[in-house]
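What follows is a single structure, written as structure tokens, with notes after it.
A note on names: the letters A, B, ... follow the listed sequences, proteins ahead of strands, and every chain is numbered from 1. Predicted, not measured: the structure shown is a model, and the values here were computed from it.
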Amino acid sequence: MRIGVFVCNCGTNIAGTVDTKRVASEALSFADVVYATNYMYTCSEPGQQEIQRAIGEHGLQGVVVAACSPRMHEPTFRRAVEKAGLNRYMFEMANIREHVSWIGNDREANTQKAIDLVRMAVAKLRFNNPLFSSKMPVNKRLLVIGGGVAGIQAALDCADGGMDVVMVERKQYIGGKMAKLDKTFPTIDCSSCILGPKMVDVSQKENITLYAASEIESISGYIGNFTVQIRKKATYVNWEACTGCGLCTEKCPSKKAADYFNEGLGAARAINIPFPQAIPKKAAIDAQFCRQLNGKKCGVCAKVCPVQAVDFEMKDSIVTEQVGAIIVATGYDLFDHSAYGEYGAGRYPDVISGIQYERILSASGPYGGHIRRPSDGKEPKDIVFISCVGSRDASVGRPYCSGICCMYIAKQAILTRDHLPESNSYVFYMDIRSPGKNYDEFVRRAQEEYGVQYIRGRVGKIYPRGDRMVVQGADTLLGVQVEVEADLVVLATGVESSAGAGELAEKLRISYDQYGFYMESHPKLRPVETNTAGVYLAGACQGPKDIPSSVAQGSAAASKVQSLFAHDTIETNPQVALVNERTCISCGKCIQVCPFGAIQWKELRGGIKKAEVLPTVCQGCGVCNATCPPKAIQLQHATDNQILAEVNELCA
Amino acid sequence: MTDSSPRSSAPADQTAANTQGIKIVGFLCNWCSYGGADTAGVCRFKQPTDLRIVRIPCTGRMDPLFVAKSLIYGMDGVLVSGCHPRDCHYAVGNFYARRRMEALKLFLPFMGIDTRRFRYTWVSASEGQQWQKVVTEFSEEIHRLGPNPGVGPRSGENSKISNGLR
Amino acid sequence: MKRVAYYKGCSLEGLAVEYDRSTRIVCEAFGIELVEIPDWNCCGSTPAHSYDPLLSAALAGRNLAIAADNGCDMVMTPCPGCLKSLKGAQETCEDPQQRKAFVDLVGKDVDGLKTVSLLQLLYEEVGAEALQKAVQRPLTGHVLIPYYGCLLTRPAQKARFDDPENPISMDRLIEATGATAPDFPYKTECCGATYGVTRNDFVGRLGGRILDMAARLGGEAIVVACPLCQQNLDMRQKQINKYYKSAFNLPVPYISQIIGLALGIDPKVLGLNKLCVSPRVLLEDRTQPDQEAQRVGAAVKPGPNQPGGIAGGESIQPS
Amino acid sequence: MERTNTLSIQQSRDNDFIREVEEASGQTVSKCYQCGNCMASCVYTFAYDYPVTQIMRLTQLGQRDTVLGSSSIWLCANCQACTTRCPQNIDVAQVMETLRVMSRKANTVSQRDIRVFYDEFLRSVKTFGRVFETGLLPVYNLRTKRPFTDFDLAPRLMWKGKLSFLPARIKKRKKIAQIFEVIKRDRFSKDGKARPEPLSSQTDI
Ligand SMILES: Cc1cc2nc3c(=O)[nH]c(=O)nc-3n(C[C@H](O)[C@H](O)[C@H](O)COP(=O)(O)OP(=O)(O)OC[C@H]3O[C@@H](n4cnc5c(N)ncnc54)[C@H](O)[C@@H]3O)c2cc1C
Ligand SMILES: Cc1cc2nc3c(=O)[nH]c(=O)nc-3n(C[C@H](O)[C@H](O)[C@H](O)COP(=O)(O)OP(=O)(O)OC[C@H]3O[C@@H](n4cnc5c(N)ncnc54)[C@H](O)[C@@H]3O)c2cc1C
Ligand code: SF4
Ligand code: SF4
Ligand code: SF4
Ligand code: SF4
Ligand code: SF4
Ligand code: SF4
Ligand code: SF4
Ligand code: SF4
């Protein structure tokens, strides 16, 4: 190989403490080096031209630039050599600035080190091979998993951009938690007024296909080209036919079905539409409570349905969709406060969770928007809110802050005052976390204008005394124990990852943290991307989030998808692993360790299986390479030979 | 730093004389530690010059044999540095690395190699200062230990590691 | 027959003799052989622990060592305070840093033993079901407040028994006797017994709170499993009434006495006459609701196995 | 610490104190985020000079004298409510216990009567191997100059045969006394802190 070496002075940045001339002349003595020089600013236009000129003039087949960090200018020089007709991977850099000239003043030692680094780069370059990216077509269909506000936003943004969107929601309706909320902070606008139109849009856009009451069965493929199997759960109602008239619900004799939408505060019928504005507005039977489906005689709904939509024989079905990108927006669940024995472990009917209170406040809720307490339907006079229940609490394994509860407590306390002007609200809090725009002002308003009594301290115990609840807490600012007798206690139960988040992550091959929240590629700079190309995150599935952030993330994820879909093809990174089928012993270890599921079995003729890397999925980490017993799988551009060549040069 | 090894009590001048050609190789992951070393440079944090850095994509790429061979064939110290746990660009590469490097540590004495010659650390791209500290401490340690008596021939043709690992 | 080492503790020698008596009888009734640890010594209680934790460990540990020497693998003590000391000794022994000092003082290690309270023994080794079957004289119609005290189930990592906030073992045993056990919110609240002697006002305040809640829930008696709780709530009930300006008159029997009663054992044998507040009300038979009216205030009918009812029931209450 | 308006942190902060408490209790005091749950749960808060939450805070700030001289640590009944409910998994009761031990060693026990009672209790254990309840009370009353405490209980207890007039003694009393001696001897050497053993024999066992 004919190699050229260019040693950069970088003004005095390098030449100040490194004898670049000597480095270049030493380089000439290395095997295969046919040309070496030093140059003032190699990365400048003239510098790059100098390289291109030398490539032509000396018939160079590989180039080493000894200059700054490759993290800085590798792409620049790669482009430069490419312009001169070399493959961009026939290029290496020696970092003699950040790693040499800037960290020591001993000119002799620096020069020696620079020579070593150039020698290592040359040694590696001898083992370099031209690598070529390939182009793959992009299927411009998007899958959105989860139909909460984040997923809806992402779906609508992409649909508006003209893309086909498939949305999968495991509940019978879309809207997520926000559909259950009464009003929303910090503006106190009605949740269904702002979410409702968006939900309707989802159902009306022609390029959105909605699968409600459905879950992801499996996912295969890779960026630009995923195949998704979707399990449509049996609803026992043919949704093509159902008009949402509600006759069936009216007549259904099974009146004590679980009312999930109202968080257990009311009772539903076995066949129902969870709420009047539900999208899709279709009935479904809760098999657990249906008489007919439990072997008893009924079938009333089938008889009354004007369009014969009820189908007791319905089974789950699987549909397959092809998409090019996936946005995960599966949201969150709420901490189950029965872990708190000292708060009654869920045994006291008048100790409820924040989301239950949200239903109580809601005009479409179980009490028609009148604040009543669940035990006896009385209007409460004293209401206590307790923050950080199942948040910031290491003893229940939830050390993180849920981020939304301080704000929704303030909101609920304000709304309580609006509903019941004679009532008193008390809030036990540890800290108030309200860092959004107009948020702290909102909390201040609760205290200053609405007279909500904030008490700084945690609550030790809640127990009944007579028909009221005693809340025994502390006011740490005063250093005293305090006791409040309350008619109703609202626990701000914390945010936890959505049920089944882990299993879904494994299907998607994305990672999640110890609490089940999905991990972004980079917490600051790639907040909606995952480490699996083509899979993006939006909303509370990534961590606790309020509506504004969830929506912002929905749009951010949508824009990532749009920039991906702006291309008809994508270029692959050729620095991927490659299997030598002759030496592969088919042990499968690489398949086990690959964090991205990039390796699969390939069946050769005669039924022999060999490992095969999917270049589009491989991210180039090299874990497989280090694992493979016969070293049959090699990471291109960082092969064993290349790495050892560098070390070898040093040992010499 | 304190060190109880007999070598550390060697007279200073002898140490200096012996350590002229100390060679340390560092395997740094591209995303965190290589960036950290760059940051240290950009901040002009002065460091000993014995270290030569090999850039690898991820510490998960580290084959323990890279370390073993380096030490057998005459490197005086080997430093492996990657992203902090949970910060791995490739999600879990550094967990694999940690497991392998821990195993390697147990294994080195059987090859007659002082485990102090090998170190595995985590440095992120922003931790220039931390990198300076790691390099300085490790270089000092290797200087105290002096040249690696090694197990293989130290110089000449034979010292070349055969390319490929078998 | 299950053989269990029995660490009585000083209280059961003195102010809680009836607890000792009823414990032995009930265990025997269920085929549990209690082997009293020979020449046992005081566990040192809180005073030893606050002097030096190792003193506490060594004092308690000596008893465990003797139990082990006697071939027992389980040690039961009816006193939760003693239990805490015994468990503390085991913890010290398991702590690598203190193990040597401990073994030097005590003479051997004591890790292998299982240490339990009487309540745990009854709940786990006998069980509510077996108790229910053995009941001769159901306490149906009585409302008994289960009061566990602060130490029996706390802290959870050390007690390793029942729930620290809402224990249910005593509830279940009480229910097995036929009685009703209301959901008592102060099950594990401290009654202030430690300060029985030194801080009478604490007792008044804390004991009063517990008696008050028990009365609000319609309790006829507070059932306890701790000699200190018992003394505090029973012996000092008058002092409490004075402080709290109340007139509580709630008997405070031990769980072993309640079980004994349900088994049909003579109340006197169970030491019920040793209680300061008369437990007479517990002896009313309410199994036939229609006859209840007649029985109120009537002399107690002796149970099938008992010779003479609660002799001296009245006279034990000098007031 | 006197309650003044300014606490000069650097001057009063004793880092050794924090370390000693953490080592002896095995608890990380800095984990306490001052939520107040311990204070909310502690039924003795009304009697404490510093609620237990503030004891934790003072310990974080290294306020040795204030903490070891507080009445709170001696009024704590070790009831475990705080430990059971601390969201940060701190064994608060253990910290309080550690502080009691330290305050005994430093001879800064604020509650003389409690200390006297404990001393008499231990003296009884040391002498007889068990606690002699009947003997304990009068001695305690005498020494705390409150001769009539619980006077009202005595007749009833006698009547019920619950007070004995002879101390129960165990056989191997020597062994017990020996344990006491060893502990007493090693008590100060263990942590290497040579703090003066309280001089008054009255206040030691
Ligand atoms: C009591 C309470 C009050 C609140 N008040 C406010 C407020 O006033 N203002 C505000 O800004 N925020 C408020 N919030 C926060 C708000 O609810 C969230 O920010 C918002 O709902 C997050 O939206 P999301 O789409 O990320 O998640 P979600 O709303 O949880 O939606 C996720 C959706 O994904 C679906 N899903 C989950 N897993 C799967 C799966 N495996 N497959 C298919 N679908 C799946 C779920 O069924 C759900 O429909 C409040 C929260 C609570 C608890
Ligand atoms: C002390 C401090 C420490 C911080 N530490 C962190 C941290 O550790 N982590 C973290 O996440 N965040 C941190 N932040 C916050 C972080 O700085 C901001 O979140 C971030 O910089 C916001 O980026 P931006 O692009 O919106 O705004 P900016 O960084 O302010 O950029 C706006 C740019 O627009 C230019 N500009 C302004 N007006 C005009 C105009 N009229 N025409 C043309 N150009 C204009 C400005 O010159 C500027 O270059 C910190 C902030 C501070 C103050
Ligand atoms: S199933 Fe039939 S009756 Fe029920 S809502 Fe649908 S159309 Fe109406
Ligand atoms: S068949 Fe089931 S869902 Fe239909 S009306 Fe009867 S109970 Fe209701
Ligand atoms: S947002 Fe507020 S209430 Fe919620 S966990 Fe954070 S601090 Fe606690
Ligand atoms: S303004 Fe800044 S320092 Fe103050 S509470 Fe908000 S985030 Fe914290
Ligand atoms: S280099 Fe990494 S991502 Fe690529 S196949 Fe190997 S293990 Fe998988
Ligand atoms: S680890 Fe290597 S040998 Fe084993 S299957 Fe993978 S490539 Fe083949
Ligand atoms: S409960 Fe725990 S965290 Fe809260 S103040 Fe007390 S010690 Fe601190
Ligand atoms: S252990 Fe002490 S400090 Fe803790 S709650 Fe009980 S009495 Fe209070």
(request) Indicate, with yes or no, if the rings of A:Phe596 and A:Tyr222 have centres closer together than 6.0 Å. (result) no
(request) State, with a plain yes or no, whether a side-chain heavy atom of A:Ile633 is found less than 4.5 Å away from one of A:Cys590. (result) yes
(request) Count the heavy-atom pairs under 4.5 Å between each of B:Thr39, B:Val25, B:Val54, B:Val135 and chain A, then report the option with the highest count. (result) B:Val54
(message) Is A:Thr639 in contact with chain B via its backbone, its side chain, both, or neither, using a 4.5 Å heavy-atom distance?
(response) backbone
(request) Give the ring-plane orientation class for B:Phe107 versus B:Phe110, where under 30° counts as parallel, over 60° as perpendicular and anything between as tilted. (result) tilted
(request) Let me know if B:Ile53 has heavy atoms under 4.5 Å from chain A in its side chain, its backbone, both or neither. (result) both
(request) Tell me whether the centres of the aromatic rings in A:Tyr400 and A:Tyr515 are closer together than 6.0 Å. (result) yes
(message) Can you tell me which of A:Gly620, A:Ala121, A:Pro70 forms the most heavy-atom pairs within a distance under 4.5 Å of chain B?
(response) A:Pro70
(message) Under 4.5 Å from any heavy atom of chain B, what part of A:Met72 do you find: side chain, backbone, both or neither?
(response) neither
(message) Counting heavy-atom pairs closer than 4.5 Å to chain A, which one of B:Thr59, B:Ile56, B:Val42 comes out on top?
(response) B:Val42
(message) Going by side chain to side chain donor-acceptor pair (under 3.5 Å), name the residues that satisfy it together with A:Glu26, two or more places apart in sequence or in a different chain.
(response) none
(request) Please look at B:Tyr96 and chain A and tell me whether the side chain, the backbone, both or neither of the residue comes under 4.5 angstrom of a heavy atom of that chain. (result) side chain
(request) Heavy-atom pairs under 4.5 Å with chain A are the metric here; pick the option from B:Gly35, B:Pro64, B:Ala40 that has the most. (result) B:Gly35
(message) Report which part of A:Gln634 has an atom under 4.5 Å of a heavy atom belonging to chain B: side chain, backbone, both, or neither.
(response) side chain
(message) I'd like to verify something: which residue of A:Asn105, A:Asn110, A:Val100, A:Asp106 has the highest number of heavy-atom pairs under 4.5 Å with chain B?
(response) A:Asn105
(request) Please confirm whether A:His99 and B:Tyr34 have ring centers closer than 6.0 angstrom. (result) yes
(message) Please classify the contact of A:Leu650 with chain B as side chain, backbone, both or neither, using a heavy-atom distance under 4.5 Å.
(response) both
(message) If we define contacts as heavy-atom pairs under 4.5 Å, which of B:Gly93, B:Ala97, B:Ala37 has the most with chain A?
(response) B:Ala37
(message) I need the residue from A:Ala638, A:Pro595, A:Cys68 with the largest number of non-hydrogen atom pairs under 4.5 Å to chain B.
(response) A:Ala638
(request) Give the C-alpha distance, both sets of side-chain angles, the deciding distance and a yes or no for salt bridge (Lys or Arg N to Asp or Glu O under 4.0 Å) between B:Arg55 and A:Glu74. (result) CA-CA 13 Å; B:Arg55 183 162 70 129; A:Glu74 195 172 55; 2.9 Å; yes
(message) Please check this pair: side chain of B:Ser81 against backbone of B:Ser33, looking for a donor-acceptor N/O pair closer than 3.5 Å.
(response) no
(request) Check each atom of A:Val593 against the heavy atoms of chain B and say whether the ones under 4.5 Å are side chain, backbone, both or neither. (result) both
(message) Check the orientation of B:His84 and B:Trp122. Use parallel for under 30°, tilted for 30 to 60°, and perpendicular for over 60°.
(response) tilted
(message) Can you tell me which of B:Thr49, B:Asn30, B:Asp38 forms the most heavy-atom pairs within a distance under 4.5 Å of chain A?
(response) B:Asp38
(message) Taking side chain as everything from C-beta outward and backbone as N, CA, C, O, which of these in B:Lys23 sits under 4.5 Å from a heavy atom of chain A? Side chain, backbone, both or neither.
(response) side chain
(message) Using only atom types and a distance under 3.5 Å, with no angle test, would you say the side chain of A:Ser101 pairs donor to acceptor with the backbone of A:Asn13?
(response) yes
(message) Is A:Gln619 in contact with chain B via its backbone, its side chain, both, or neither, using a 4.5 Å heavy-atom distance?
(response) both
